[in-house]
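As structure tokens, the structure follows; a few thoughts come after it.
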Amino acid sequence: MTTNTHTTRAHSTGTARLEFAQSAPKAFRALIAFDAAAREGLDPALVELIQIRASHLNHCAYCLHMHTNDARKAGESEDRLHMVAVWREARHFFTEREQAALALTEAMTLVADAGVPDDVYAQAAALFEERELAQVLAVICTINTWNRVALSTAKVAGTDER
């Protein structure tokens, strides 16, 4: 494989990792468009909570750093940000809809473990209109894809260039 210095960077192990946006621009733009479409009509705070929880579960420091900063800029409290990882033990910090979205995020992110349990889906379906639920599902899909891209290409937390 030929290494192009414009599309690769060194990882901590010394191996070169590609720059996804430069190496697959059409796929990158499609993912950006999917992400934008997924968020449409949803509360931005809910979107950030979903993205933060999935990033926790996927151990994606790059996305976790980005989305906690985005949430802060949007006015999210430090208390709630600290409680996302343990939301089940701190339910009083989150609305019923946020709790349902976080449970669905966990089930979809860890789908290989147990699928999406009927009770988790039913709770979300009871609290979100059909269109909103579809948007929540799409946001969960996009953040899981972004996490996988960031982890695969060894993106470094704190280097977001947006």
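Taking hydrophobic clusters as Ile, Leu, Val, Met, Phe, Trp and Tyr residues chained together by side-chain heavy-atom distances below 4.5 Å, V120 does not share a cluster with W87. Under the 4.5 Å side-chain contact rule for hydrophobic residues, F94 and F128 do not share a cluster. In the hydrophobic clustering of this structure, V111 groups with V139; members are Ile, Leu, Val, Met, Phe, Trp, Tyr whose side-chain heavy atoms approach within less than 4.5 Å, directly or through other members. Under a hydrophobic clustering in which Ile, Leu, Val, Met, Phe, Trp and Tyr are joined whenever their side-chain heavy atoms come within less than 4.5 Å, directly or via other members, L18 and I32 fall into the same cluster. A continuous path of hydrophobic side-chain contacts links V86 to F93 [ILVMFWY only; heavy atoms under 4.5 Å].
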Test side-chain contact (heavy atoms from CB on, under 4.5 Å) applied to D160 and H65, step by step: CA-CA 9 Å; D160 176 34; H65 182 267; 5.7 Å; no
Intermediate values then yes/no, side-chain contact (heavy atoms from CB on, under 4.5 Å), E96 and Q123: CA-CA 9 Å; E96 195 174 12; Q123 182 65 20; 3.5 Å; yes
L104 vs L137, side-chain contact (heavy atoms from CB on, under 4.5 Å): CA-CA, chis, key distance, verdict: CA-CA 8 Å; L104 189 58; L137 293 170; 3.8 Å; yes
side-chain contact (heavy atoms from CB on, under 4.5 Å) evaluation trace for V149 with F28: CA-CA 10 Å; V149 169; F28 182 76; over 6 Å; no
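Minimum heavy-atom separation, A38 to Q135: O-NE2, 2.7 Å. Between A124 and A100, the shortest heavy-atom contact is CA-CB, 4.0 Å. For P117 against G115, the heavy-atom pair with the smallest separation is CD-O, 3.4 Å. Listed here is the closest heavy atom pair of M108 and C141: CE-SG, 3.8 Å. In this structure, R17 and A154 approach most closely via the heavy-atom pair NH1-CB, 3.5 Å.
Atom-to-atom distance recorded for M83:CE and E78:CD is 11.0 Å, nearest 0.5 angstrom. Here the CG atom belonging to N147 is positioned 9.0 Å from the CG atom belonging to L57, to the nearest 0.5 angstrom. Atom CD1 of I52 and atom CG of L64 lie 7.0 Å apart (nearest 0.5 Å). Rounding to the nearest 0.5 Å places CG of L81 at 7.5 Å from CG of L49.
The 12-atom threshold is exceeded at CG of D113, counting heavy atoms of other residues, nucleotides or ligands nearer than 6.0 Å. No more than 12 heavy atoms of other residues, nucleotides or ligands lie within 6.0 Å of CD in E130, so this atom counts as exposed by the packing criterion.
The residues E19 and K155 are annotated as salt-bridged, a charged nitrogen and a carboxylate oxygen being separated by less than 4.0 angstrom.
For the ring pair (Phe, Tyr, Trp, His ring centres under 6.0 Å) test, no residue two or more places apart in sequence or in another chain qualifies with F34. For R80, the salt bridge (charged side-chain N to carboxylate O under 4.0 Å, His left out) criterion is met by E76, E98, not counting sequence neighbours.
With hydrogens and angles disregarded, no donor-acceptor distance shorter than 3.5 Å links the side chain of T109 to the backbone of E106. Between the side chain of N144 and the backbone N or O of I140 there is at least one donor-acceptor pair closer than 3.5 Å. For R97 (side chain) and L127 (main-chain N/O), a donor-acceptor pair under 3.5 Å exists by modelled atom type. With hydrogens and angles disregarded, no donor-acceptor distance shorter than 3.5 Å links the side chain of E40 to the backbone of A37. Judged purely by atom type and a 3.5 angstrom limit, Q51 has no side-chain atom pairing as donor or acceptor with the backbone of I143. Of the possible donor and acceptor atoms, none in the side chain of N58 sits under 3.5 Å from a partner among the backbone N and O of C60.
Here the side chains of E48 and R72 are not in contact, with every heavy-atom distance at 4.5 Å or above. Inter-residue side-chain proximity for Y62 and V156 is flagged as unmet; no heavy-atom pair is nearer than 4.5 Å. Two residues are said to be in side-chain contact when any heavy atoms from C-beta on lie closer than 4.5 Å; Y121 and L133 meet this criterion.
A side-chain donor-acceptor contact under 3.5 Å links Q99 and R91.
Put simply, the residue from T142, V136, L42 that forms a side chain to side chain contact (heavy atoms under 4.5 Å, CB included) with I50 is V136.
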